[in-house]
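The next block holds one structure in the form of structure tokens; read it before the comments.
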Amino acid sequence: MKNRIKDYRKRMKFSQEDLARLTHVSRQTINAIENDKYDPELALAFKLARFLDVTVDELFDYQNRKKEDDVLWCSKYHCELWEQQSDTESLV
């Protein structure tokens, strides 16, 4: 998930350490989030947005990157619920 934390943090003139202290995480956590190595849990995302004075949507850009080889678990393993749904859809 892409984010704009570094841009907004610099606008607020916060260091990574400043933002980490405000949000009760380590500086390494802020660094990992900024460098797309870690996606924060929802509570942390809201804290970051609050202290950077933006919305979560402004701060994070969620891109659903579905790969062509991604297969739903049910379709891959032919579970009963998947087969029932497929049968129902074919009748329509």
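Just so you know, these numbers come straight off a predicted model, no measurement behind them.
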Can you sort out the partners of [X] under side chain to side chain donor-acceptor pair (under 3.5 Å), two or more places apart, ordered by chain and number?
X	result
Q28	none
T29	S26
R27	Q16
N35	N31

Under 3.5 Å, which donor-acceptor pairs do the side chains of residues 36-54 form with other protein atoms, sequence neighbours left out?
from	atom 1	to	atom 2	distance (Å)
D36	OD1	N3	ND2	3.4

Just to verify, what does R4 make a salt bridge (Lys or Arg N to Asp or Glu O under 4.0 Å) with, not counting sequence neighbours?
none
Sorted by chain and residue number, the salt bridge (Lys or Arg N to Asp or Glu O under 4.0 Å) partners of E17 (sequence neighbours excluded) come out as R21
Rounded distance [0.5 Å steps], CD in E34 versus CG in D7
9.0 Å
Could you state the interatomic distance from CZ (F60) to CE (M1), rounded to the nearest 0.5 Å?
6.0 Å
V25 versus L19: any side-chain heavy-atom pair under 4.5 Å?
no
Test side-chain contact (heavy atoms from CB on, under 4.5 Å) applied to Y8 and K6, R11, K10, the passing residue
R11
